[in-house]
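For ligands, and for the atoms within them, numbers begin at 1 and follow the listed sequence. Positions are given from 1, in the same order as the sequence printed here.
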Amino acid sequence: MIDLPAAPLVLDVTGADIPGEATQLRDRGPLVPVVLPGGIRAWAVTDPNVLRELFVDWRVSKDAHRHWPTFIAGKVPPDWPLISWVSVRNMFTAYGKDHQRLRKLIGPAFTSRRIAVLRPQIGQITTDLLDGLAAQPADAVVDLREEYAAQVPLRVITALMGVPADLQSRLRVCVDEIFSTVPRRHPQDTFTEMVDILATLVARRRADPGGDMTSLLISHRDDDTDRLTEEELLHTLLLVITAGYETTVNLIDQAIYQLLTRPGRLAQLRAGAYTWSALVEETLRYAPPVANLPLRYAVTDIDIADQRIKAGDAILACFAAANRDPHLHAPDPDEFDPTRPTREHLSFGYGPHFCLGAPLARLEAAIALPALFDRFPDMTMAAPPDGVETLDSFISHGHRHLPARLTEPVHTDTGPAESSL
Ligand code: HEM
């Protein structure tokens, strides 16, 4: 009998079972064809070594305007849910020298050393939020996704970027839509509104510059050296605000969820069997905040993993699959275990596009998580683990709500909690 190749897997836009889908993809091989919304074809990369190889290969681009014939030919409909991911013009989608130019403009502001100075400010943000939660009745059920996991990154990124309060709620709605693969409104409208809000932000910071990163980028734009076009300025703001918000919300959300649904792991953490940093890294491995990353394109034919990726083919990075590599994480890749010998993961990417905000995301989680669990040591989930719904997305890997019963807070007069990193 002839062994017919399986039909390409159609990715589930509802993201109902990201780990299960990742297993299915990995079982098919290191590099497998998948169908994205709108019938768009791509290669899904499920193997960490193949991913690393492709991420540093000059024959792989993120620039759809130059290297994705399907997009250039107008075959990607404007209402495609992933349109914002491929059509923007910033470092995320730039190739070669353009990428270096755009990344250099704000890269230096995001090094671990530059980010470390934000520690007291992030500590104060978490203390303010925890004080607010502690003021609620002891038996109240709170949504920790909305009232904590989302608020920490939101307050940090809006302070860093100088986003005034009156623009924040509209921005949040747009960011949520961009990360959803079941959009509630026309994706083009979301994109247009996002750019419109950012244009307002730029106009205000131009008139009244501050020490924030928007003002820094405007100064690069306005210094007459042609280093940044107005469109690139707006789209870079879009990138940093979008990337800097929802991803970190998912990280904090997932870490809280893993601990609350695994009391044994929480007890081990408290007993010193592993550190908060190990918790953060294992969460990144086990439940990557970006489960699948759109998109890259082959600049020429590439022979890899016994397949030929043809020039112009689209490539999807499946971090959810690669992070549970059965060889690297033997014998139990599907177990959440912060004490495992290696918590290696690709959740921040690899190579020239490696996440610029990784030090900031790690710092936020390292401050926010111990502060929460120290303040509410007896906190419990207020829903069965499988009763907590996931986001409508195969990209964004988090929960819609995280209901928890906080119980009595521990009162501290010692100021913002420090992590044991
Ligand atoms: C847990 C939180 C985060 C995760 C999981 C995450 C993940 C990622 C991933 C997977 C990429 C793409 C890498 C690639 O294409 O190879 C990326 C790029 C990027 N991230 Fe993050 N990110 C997080 C937080 C942040 C934060 C807090 C910021 C900024 C405030 C940020 C800014 C960026 C930027 C600017 C890029 C584009 C880099 C480039 O293309 O050169 N990210 N991130």
Side-chain angles (χ1 to χ4, degrees), residues 45 48 51-57 60-63 85-86 88-112 114-115 118 122 149-150 152-163 175 179 212-214 216-217 232 235-255 280-281 283-297 315-320 322-323 345-366 368-369 395-398:
V45 190
L51 260 184
R52 279 197 200 89
E53 253 186 75
L54 290 172
F55 275 19
V56 296
D57 193 326
V60 177
S61 165
K62 294 189 79 181
D63 187 344
W85 290 82
V86 304
V88 282
R89 292 180 187 270
N90 54 38
M91 75 185 92
F92 185 81
T93 51
Y95 178 67
K97 288 214 155 42
D98 274 338
H99 175 251
Q100 288 164 19
R101 170 177 62 87
L102 291 166
R103 188 164 164 123
K104 234 175 22 206
L105 294 175
I106 54 164
F110 276 98
T111 59
S112 300
R114 295 288 292 274
I115 288 303
L118 299 174
I122 300 172
V152 175
L154 180 70
R155 293 185 188 194
V156 171
I157 200 71
T158 51
L160 202 63
M161 304 306 291
V163 182
V175 174
F179 270 92
D212 54 87
M213 268 191 217
T214 301
L216 171 78
L217 276 168
E232 286 169 342
H235 290 194
T236 299
L237 291 171
L238 185 152
L239 167 66
V240 177
I241 292 171
T242 309
Y245 166 61
E246 179 124 352
T247 51
T248 315
V249 180
N250 286 346
L251 171 58
I252 297 173
D253 157 356
Q254 290 282 8
V280 170
E281 296 309 308
T283 304
L284 285 161
R285 181 195 78 82
Y286 184 82
V290 179
N292 297 293
L293 178 75
L295 271 181
R296 282 170 156 81
Y297 321 97
I315 301 165
L316 180 79
C318 297
F319 299 134
N323 283 357
H345 61 78
L346 285 165
S347 299
F348 289 122
Y350 181 77
H353 287 274
F354 183 82
C355 174
L356 208 57
L360 177 59
R362 285 184 164 126
L363 184 64
E364 287 182 45
L369 291 166
I395 301 170
S396 186
H397 193 194

Quick check on contacts: which atoms of ligand 1 are under 4.0 angstrom from a heavy atom of [X]?
X      : answer
Ile157 : 30 (C)
Lys62  : 14 (C), 15 (O)
Ser347 : 5 (C), 7 (C), 10 (C)
Phe110 : 29 (C), 30 (C)
Phe55  : 16 (O)
Arg103 : 38 (C), 39 (C), 41 (O)
Pro289 : 1 (C), 5 (C)
Leu251 : 1 (C)

Worksheet entry | Min side-chain heavy-atom separation Leu160-Phe110 under 4.5 Å |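 Of all side-chain heavy-atom pairs linking Phe110 with Leu160, at least one is under 4.5 Å.
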Practice prompt. Evaluate the side-chain proximity of Phe55 to Phe354: yes if any heavy-atom separation is below 4.5 Å, no if none is.
Written response: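 They are not in side-chain contact.
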Discussion item. For His99, state whether at least one heavy atom is located under 4.0 Å from any atom of ligand 1.
Written reply: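 Heavy atoms of His99 do come under 4.0 Å of ligand 1.
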Worksheet item: Any heavy atom of Tyr245 sitting closer than 4.0 Å to ligand 1?
Response: no
Residue pair [X] / [Y]: nearest heavy atoms and the distance that separates them:
X      : Y      : answer
Gly244 : Thr248 : O-OG1, 3.5 Å
Ala365 : Leu251 : CB-CD2, 3.8 Å
Thr93  : Trp85  : CG2-O, 3.5 Å
Leu363 : Ile115 : CD2-O, 3.6 Å
Asp212 : Met161 : OD1-O, 3.5 Å
Met91  : His353 : O-CE1, 3.1 Å

Discussion item. His353 versus ligand 1: do any nitrogen or oxygen atoms come within less than 3.5 Å of each other?
Written reply: yes
Item to complete: Please confirm whether Arg296 comes within less than 3.5 Å of ligand 1 when only nitrogen or oxygen atoms on both sides are compared.
Response: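 Between Arg296 and ligand 1 (N or O atoms, distance only) the closest approach is under 3.5 Å.
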Under 3.5 Å, which donor-acceptor pairs link side chains of residues 288-297 to any protein atom two or more places apart or in another chain?
residue, atom, partner, partner atom, Å
Asn292, ND2, Phe394, O, 2.8

Fill in: Protein N, O or S atoms lying under 2.8 Å from atom 21 (Fe) of ligand 1, listed by chain and number
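Atoms qualifying: Cys355 SG.
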Worksheet item: Does one side chain, of Ser396 or Glu246, offer a donor that lies under 3.5 Å from an acceptor on the other?
Response: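 Checked: Ser396/Glu246 side chains pair up, N/O donor to acceptor below 3.5 Å.
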Worksheet entry | Heavy-atom nearest option to atom 12 (C) of ligand 1, drawn from Val240, Val156, Leu293, Leu51 | Leu293
